[in-house]
Amino acid sequence: MELALRKDVPVELTWDLSALYKDEAAFQADVDKAKALTDQLEKDYKGKLDTPEAILACLDLYQELQKVLYLAASYRNLAASVDFGDPKLQEDDEAVSRLVSDLLSRLSFIDSEITAQPQETLEAAIAQGGSACGYLKELLRWKPHQLQPETEKVLTALSPSLGLPYQAYNMAKLADMRFPAFSAEGEELPLGYSLFEDRYEYDPRTSVRREAFRAFSGKLREYENVTAAAYQGQVQKEKTLATLRGFDSVFDSLLFGQRVTREMYDRQIDLIMDKLAPHMRQYARLLQKVHGLDKMTYADLKVPVDPAFSASVTLEEAQAYIEKGLAILGPDYTEMVQAAFRDRWVDFAQNQGKSTGGFCASPYGSHSYILFSWHGGMSDVFTLAHELGHAGHFKACNAAQSLFDTDVSTYFVEAPSTMNELLMAHYLLNTNPDKRFRRWVLSNMVGNTYYHNFVTHLLEAAYQREVYRIIDQGGSVQAETLSRIMRETLEKFWGDAVELTPGAELTWMRQPHYYMGLYSYTYSAGLTVATQACKRIQAQGQPAVEDWKKVLAAGGTGTPLELAKMAGVDISTDGPLLDTIATIGGMIDEICQLTGELENP
């Protein structure tokens with residue numbers, strides 16, 4: 001279980017970045033191309049964007065540059081994400097980041113000059129259609145918040161420095177933290193971020209789970225002040241930018257980019273905190289009863305209902321599960337799943353310095369790349385299906401839309417990923433009528449899919465909202481404040497059903513989502529849409545599947561409200577969210593009922 005160095009992991013468990021660039025020479029050729037395109041854009045269009053024709057021609061060339069920069073930045077960033085302890089990889093990533101900011105700073109005149117044109121000029125350009133239509137509409141929407149050209153240029157040039165809070169967080173977490181071994185069950189067990197979050201939190205042995213949590217929290221506490229300083233820098237930066245751009249609050253600024261209202265944001269947090277909490281407390285009490293725990297602690301919340309039933313899964317078995325589970329989406333989707341395994345789209349390796357959790361990067365002009373650490377449990381199968389949901393989404397929208405129309409609102413972007421988890425679960429439920437098997441699948445849905453998106457990330461969002469409220473009022477946050485807010489959030493949700501042992505309040509240190517704007521709440525928003533759309537698929541079959549495929553291909557051409565409507569879901573009301581919460585509650589009720597029947601046959 002000791003994590004290997006990156007150089008020692010089997011190559012077949014790593015991703016193959018050669019689909020982006022076959023070698024350094026090819027990468028350098030694109031760097032040179034980006035520089036040449038920037039020179040051309042400056043020479044041909046600076047000070048000349050005063051007609052619809054000039055605007056559209058400029059944006060065609062600008063889009064070509066963006067494609068090159070997207071590939072180059074992805075190539076370096078993906079390489080760096082698997083080993084934060086390798087200084088060469090980090091230096092290369094930072095170098096390309098500086099290059100991108102330099103080139104885009106020189107080209108900041110494009111947006112400034114276009115938005116300075118009369119309304120009729122922009123409308124005439126939009127009327128001509130083409131791949132830049134969506135980009136121009138978005139520029140019009142942002143026009144009231146556009147700053148003076150020189151200010152925009154400076155902000156773009158400063159983008160690497162503005163990203164330092166997130167960089168500092170990652171370096172502290174993935175490069176500097178060295179976790180000590182801990183003792184449990186008469187063994188000395190190694191510890192690390194990935195080992196804790198992907199293995200020990202789910203360990204059926206109570207002493208191992210709780211001792212791992214204690215040791216993990218102890219190491220986190222040593223870094224609480226530097227992590228708090230990084231986060232303070234992030235939120236103050238966002239507040240300053242919001243004020244500069246004329247927004248009344250940082251919430252308005254961050255939600256403007258998502259194209260959703262404050263009411264939609266608050267609704268997601270308030271209803272789940274209020275309506276879902278009783279169901280999850282019932283689930284926590286079930287876990288305590290099933291495992292015969294003296295008390296239910298925060299360290300016990302992720303233990304499976306029936307760990308003895310969940311066998312280990314090989315990668316070959318995982319592929320088979322996913323292919324069958326997602327077959328309803330059609331042969332093209334199945335081929336994508338096969339390609340992901342065959343062509344090494346996925347980095348499965350466990351190694352020191354690798355990013356925790358999972359993500360899917362989908363650079364325009366290439367296939368997706370998925371990062372997570374494989375531990376061989378069914379939860380890993382669901383995680384992989386989730387990330388392949390992102391891959392399938394952007395495979396469809398990248399093929400159907402211009403680069404400018406692939407910027408999907410984060411409010412919606414988790415719907416395709418969580419949809420895949422639900423499809424997998426429904427497939428499994430239909431393969432075996434056995435009560436214990438059904439309980440196992442339902443508990444995977446509640447304990448993984450819904451817990452991750454409706455509890456873990458939602459509690460992050462509730463905590464984050466309180467932080468931004470302080471920042472909006474001119475305050476600041478330090479480690480003590482952040483821990484207090486997190487503890488109060490957890491206490492409100494779990495009530496007396498769960499004991500918040502020391503270290504629970506440090507949960508704010510564990511997630512990178514706080515450096516990505518208002519992202520945490522969107523997991524539950526996406527899963528709400530996915531739950532309702534999945535119900536349509538279960539009830540209506542192929543017509544609902546075809547509607548879902550159209551949504552995937554639509555990319556960023558619609559708002560979250562419009563995309564959800566295409567899938568047959570009306571998120572203008574609280575109906576879908578309330579029904580989803582009731583669905584979760586129904587699953588928990590059934591798990592409790594099945595448990596009783598299995599204990600008293």
Side-chain angles (χ1 to χ4, degrees), residues 6-7 9-24 26-27 30 66-84 86 89-90 92-94 96-97 100 166 170 174 194 198 315 318-319 322-323 326 332-351 353-375 380-399 403 406-408 410 413-414 416-417 420-421 512-513 516 519 552 555:
R6 181 67 183 184
K7 65 181 181 63
V9 299
V11 68
E12 62 269 20
L13 295 180
T14 66
W15 52 25
D16 179 11
L17 298 183
S18 66
L20 293 172
Y21 295 103
K22 63 180 181 180
D23 52 32
E24 279 295 307
F27 168 78
D30 253 7
Q66 293 275 17
K67 292 176 185 178
V68 175
L69 292 179
Y70 199 165
L71 289 173
S74 296
Y75 184 62
R76 289 301 198 218
N77 186 254
L78 291 171
S81 68
V82 296
D83 192 355
F84 276 83
D86 187 325
L89 293 177
Q90 303 310 313
D92 288 346
D93 186 34
E94 290 166 14
V96 81
S97 177
V100 170
Y166 186 38
N170 272 326
L174 302 172
S194 179
D198 298 330
L315 285 175
Q319 181 175 349
I322 294 172
E323 283 186 31
L326 303 182
D332 287 347
Y333 211 96
T334 300
E335 166 55 29
M336 182 200 72
V337 172
Q338 293 170 346
F341 281 89
R342 181 186 66 241
D343 300 334
R344 291 171 51 206
W345 295 14
V346 188
D347 199 275
F348 294 105
Q350 299 180 50
N351 63 262
K354 181 178 177 179
S355 288
T356 61
F359 68 73
C360 176
S362 301
Y364 196 88
S366 179
H367 62 65
S368 292
Y369 282 93
I370 293 168
L371 177 146
F372 82 114
S373 296
W374 174 261
H375 291 84
D380 290 338
V381 179
F382 278 84
T383 298
L384 185 52
H386 175 107
E387 299 303 343
L388 284 166
H390 289 304
H393 183 192
F394 285 97
K395 180 177 186 291
C397 83
N398 287 359
L403 173 62
T406 60
D407 187 15
V408 182
T410 51
V413 80
E414 295 297 340
S417 54
N420 276 14
E421 295 189 59
H513 301 96
M516 304 171 188
Y519 192 6
L552 299 183

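With sequence neighbours excluded, no residue forms a ring pair (Phe, Tyr, Trp, His ring centres under 6.0 Å) with Phe394. Taking the salt bridge (Lys or Arg N to Asp or Glu O under 4.0 Å) definition, one finds that Glu12 meets it with nothing, sequence neighbours left out. Residues satisfying the side chain to side chain contact (heavy atoms under 4.5 Å, CB included) test with Leu315, not counting sequence neighbours, are Leu13, Phe348, Trp374. Residues satisfying the side chain to side chain contact (heavy atoms under 4.5 Å, CB included) criterion with Lys67, sequence neighbours excluded, are Gln63, Tyr364, Leu403. For Glu94, the side chain to side chain contact (heavy atoms under 4.5 Å, CB included) criterion is met by Gln90, Arg98, Gln167, not counting sequence neighbours. Listed by chain and residue number, Trp15, His367 satisfy the ring pair (Phe, Tyr, Trp, His ring centres under 6.0 Å) test with Tyr369 (two or more places apart in sequence, or in another chain). A search for side chain to side chain donor-acceptor pair (under 3.5 Å) contacts involving Asp92 returns Lys88, not counting sequence neighbours. Scored by the ring pair (Phe, Tyr, Trp, His ring centres under 6.0 Å) test, His393 finds no partners at all (sequence neighbours excluded). With sequence neighbours left out, the ring pair (Phe, Tyr, Trp, His ring centres under 6.0 Å) criterion links Tyr519 to His513, Tyr523. For Tyr70, the side chain to side chain donor-acceptor pair (under 3.5 Å) criterion is met by no residue, not counting sequence neighbours. Contacts of Gln338 classified as side chain to side chain donor-acceptor pair (under 3.5 Å), with partners at least two apart in sequence or in another chain: Glu323.
Here salt bridge (Lys or Arg N to Asp or Glu O under 4.0 Å) pairs that include residues 338-348, with residues two or more places apart or in two chains, are Arg6-Asp347, Glu335-Arg342, Asp347-Lys354.
With hydrogens and angles disregarded, a donor-acceptor distance shorter than 3.5 Å links the side chain of Asn420 to the backbone of Ala385.
In terms of heavy-atom proximity, Ser373 sits nearest to Ala349 at OG-O, 3.5 Å. Counting all heavy atoms, side chain and backbone alike, Ala80 lies closest to Asp93 at CB-CB, 3.8 Å.
Arg76 is not listed as a side-chain neighbour of Tyr21, based on a closest heavy-atom distance of 4.5 Å or more.
The environment of CG in Asp407 is sparse: at most 12 heavy-atom neighbours from other residues, nucleotides or ligands sit within 6.0 Å.
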